[in-house]
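A quick write-up on the structure given underneath.
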Amino acid sequence: MGSCLSAQSDEMTDMLPTAKVITIDGSLREYSVSTKVSEVLDEKPTASFLCCSDELYMDLAIPALGSHDWIELDQIYFILPRSMLDQPLEGKDMAALAVKASLALAGALEKRSNRTSGKRGEEHQ
C-alpha cells in the first residue's frame, strides 16, 4: 500500500507545473515554486545570467532578468554565459538553444518515465 501511495505521489508531483531552467552545460533544473533569480544563479552569478525563452528574438539583444526578479512556473529559462549578454541572438545561437532545451526536456521526461515504470513494476510484484 505504501508503494502505491508513493507512486501516486510521484506521478502527481510530475504533473505539477515547474519553472524549467536549462543550465550552461545543458542540464535541467526544475523549480516547483517561484524562485528569485539570485537564488537560481547562486553558483556563479557574475559569470552568467538568466533569461526567459519567451523574451528571445532573432537579431535582438538577449535580455537578462534582474537578480530581484522571480522565475515563473510553466516557463523555460536559460542560464547563459555573461559574454552573451546584450548580444544580438543569431540564428545559429537560437537553434543551439532550441536543441539544448529539447535534449534537456527529453532527458527529464525519460528519467520520469523510467522512474514511473519502475515503481509500477514494484506494485505488481
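Here the closest non-hydrogen pair linking Met94 and Leu89 is CE-CD2, 3.5 Å. Contact between Cys51 and Pro63 at its shortest, heavy atoms only, is CB-O, 3.2 Å. Across all non-hydrogen atoms, the minimal contact from Arg82 to Ser48 is NH2-O, 3.1 Å. Residue Thr35 comes nearest to Glu39 through the heavy atom pair CG2-OE1, 3.6 Å, listed as atom of the first residue, atom of the second, then distance. When all heavy atoms of Ala104 and Gly26 are compared, the pair lying nearest together is CB-O, 3.4 Å. Of all non-hydrogen atoms in Cys52 and Leu65, the two that sit nearest each other are N-CD1, 4.3 Å.
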Test side chain to side chain contact (heavy atoms under 4.5 Å, CB included) applied to Ile22 and Tyr77, step by step: CA-CA 6 Å; Ile22 314 298; Tyr77 298 88; over 6 Å; no
Evaluation steps, side chain to side chain contact (heavy atoms under 4.5 Å, CB included), between Ile62 and Leu85: CA-CA 6 Å; Ile62 302 173; Leu85 183 61; 5.9 Å; no
CA sep, side-chain torsions, deciding dist, call: Ile24, Leu80, side chain to side chain contact (heavy atoms under 4.5 Å, CB included): CA-CA 6 Å; Ile24 291 174; Leu80 298 174; 5.6 Å; no
Intermediate values then yes/no, side chain to side chain contact (heavy atoms under 4.5 Å, CB included), Met84 and Phe78: CA-CA 12 Å; Met84 293 181 74; Phe78 290 97; over 6 Å; no
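Side-chain atoms of Gln75 and Asp54, non-hydrogen and from C-beta on, do get closer than 4.5 Å to each other. Side-chain atoms of Ile71 and Leu50, non-hydrogen and from C-beta on, do get closer than 4.5 Å to each other. Two residues are said to be in side-chain contact when any heavy atoms from C-beta on lie closer than 4.5 Å; Val37 and Trp70 fail this criterion.
Proximity of a side-chain donor or acceptor of Arg29 to a complementary backbone N or O of Val40 within less than 3.5 Å is detected.
Other residues sharing a hydrophobic cluster with Leu73 under the 4.5 Å side-chain heavy-atom criterion for ILVMFWY residues do not exist; the residue is a singleton.
Under the 4.5 Å side-chain heavy-atom criterion for ILVMFWY residues, no single connected hydrophobic cluster contains both Leu60 and Phe49. In the hydrophobic clustering of this structure, Leu97 groups with Met58; members are Ile, Leu, Val, Met, Phe, Trp, Tyr whose side-chain heavy atoms approach within less than 4.5 Å, directly or through other members.
For the side-chain contact (heavy atoms from CB on, under 4.5 Å) criterion with Leu28, the lone passing option out of Leu103, Thr23, Val21, Leu105 is Leu105.
Separating the CG atom in Leu41 from the NZ atom in Lys36 is a distance of 12.5 Å, to the nearest 0.5 Å.
Counted by atom type alone, Lys20 and Thr18 present one or more donor-acceptor pairs between their side chains at under 3.5 Å.
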